[in-house]
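The figures that follow rest on heavy atoms only: side chains count, while hydrogens, waters and symmetry mates do not.
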Amino acid sequence: SDRAPAGRPSGRPEATRLIGREAQLLALIDAFDATRGGRAIAVRISGLAGLGKSAVAHHFLDELERQGDVLALRGRAYQRESMPYKAVDGFVDALSRHLMDVQASEGGLRLPKEIAALSHIFPVLRRVQSIDEAVQSIDRISHTSDGDPQIIRQLAFGALRELFETLAGRQPVVVFIDDAQWGDL
């Protein structure tokens, strides 16, 4: 199904062995270590179809999660899917699940000022009680954007960045978008 979540290789991370991928895993580890200084790093994994790029990425993320306190948000863009922001949509779903867990265990976290714009573009975020309550109590979209889609998009992605800054202040955050080449502009 084109709506299935990003798949993971079968088996436990420690049971899944990758042969001949040490250099690629080391490059991912080095990039992750570079973020410890507060830098944001983007890594592009490229190669021919069927070479195991996704397996390498999932193995790396599974190992990070197994070792410690990291938030790994996984998503996937599908070639035949037609929707706005399809490269981002999957990891925003994962983000909403994480935020629901934070809400349940800690009562939530500081929300961006423009959370209404973000939840307008990604309604799945309204599953998070604190976001839904914030959006109900303010109608910031109509006051700041006059309904202009470009302004709403700018406010929304600014809010997403602010939300990531808050999350990254709590723990390292890794976002993986499988098949990002199928995303829209």
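In terms of heavy atoms, Gly183 sits closest to Ala77 at N-CB, 3.8 Å. Of all the heavy atoms in Val135 and Ala116, the pair that sits closest is CG2-CA, 3.8 Å. For the residue pair Gly47 and Leu51, the shortest heavy atom distance occurs at C-CD1, 4.4 Å. When all heavy atoms of Ser96 and Arg127 are compared, the pair lying nearest together is OG-NH2, 2.6 Å.
A salt bridge links Arg74 and Asp62; the closest N-O separation between the charged side-chain nitrogens and carboxylate oxygens is under 4.0 Å.
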Begin from the C-alpha positions of Leu25 and Glu22 and carry the test side chain to side chain contact (heavy atoms under 4.5 Å, CB included) through to its verdict.
CA-CA 5 Å; Leu25 288 171; Glu22 294 80 13; 5.8 Å; no
Give the intermediate values and the outcome of side chain to side chain contact (heavy atoms under 4.5 Å, CB included) for residues Leu111 and Val128.
CA-CA 11 Å; Leu111 296 175; Val128 181; over 6 Å; no
The test is side chain to side chain contact (heavy atoms under 4.5 Å, CB included); show your working for Phe60 and Gln24 and say whether it passes.
CA-CA 10 Å; Phe60 169 71; Gln24 291 81 8; over 6 Å; no
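Taking the side chain as every heavy atom from C-beta outward, Leu155 and His120 never approach each other to under 4.5 Å. Here the side chains of Val70 and Glu65 are in contact, with some heavy-atom distance below 4.5 Å. Counting heavy atoms from C-beta on, the side chains of His58 and Asp178 come closer than 4.5 Å. Residues Ile131 and Leu118 have side chains not in contact (no heavy-atom distance under 4.5 Å, counting atoms from C-beta outward). Counting heavy atoms from C-beta on, the side chains of Leu28 and Leu61 never come closer than 4.5 Å. The side-chain heavy atoms of Arg161 and Pro112, taken from C-beta on, include no pair separated by under 4.5 Å. Within the 4.5 Å cutoff, side-chain heavy atoms of Leu95 are placed close to those of Leu167.
The number of heavy-atom neighbours closer than 6.0 Å to CD of Gln150, taken from other residues, nucleotides and ligands shown, is 12 or below. No more than 12 heavy atoms of other residues, nucleotides or ligands sit less than 6.0 Å from atom CD of Gln154.
A continuous path of hydrophobic side-chain contacts links Val175 to Val102 [ILVMFWY only; heavy atoms under 4.5 Å]. With hydrophobic clusters built from ILVMFWY side chains whose heavy atoms lie under 4.5 angstrom apart, Ile41 shares a cluster with Val56. Met83 and Trp182 are not part of a single hydrophobic cluster, where members link through side-chain heavy atoms under 4.5 Å apart. Both Leu160 and Val124 are assigned to one and the same hydrophobic cluster, defined by single-linkage of ILVMFWY side chains at heavy-atom distances under 4.5 Å.
Between Phe157 and Tyr85, the ring planes lie tilted relative to each other; the angle falls in the 30° to 60° range. Using cut-offs of 30° and 60° on the angle between ring planes, the pair Phe91 and Phe164 is tilted.
Applying the side chain to side chain contact (heavy atoms under 4.5 Å, CB included) test between Lys86 and each of Arg76, Glu81, Gln79 identifies Glu81 as the sole match.
Atom CD in Gln171 sits 5.0 Å away from atom CG in Leu71 (nearest 0.5 Å). One finds the CG atom of Leu64 at 10.0 Å from the NE2 atom of His59 (value rounded to the nearest 0.5 Å). The structure places CG of Asp30 at 11.5 Å from OG1 of Thr35, a figure rounded to the nearest 0.5 Å. Taken to the nearest 0.5 Å, the CG atom of Asp89 stands 10.5 Å off from the CD1 atom of Ile177. To the nearest 0.5 Å, the span separating CZ on Arg170 from CD on Glu106 amounts to 4.0 Å.
In this structure, Lys113 contributes its side chain and Ala159 its backbone to no donor-acceptor pair below 3.5 Å.
Ser119 and Arg126 share no side-chain donor-acceptor pair at under 3.5 Å.
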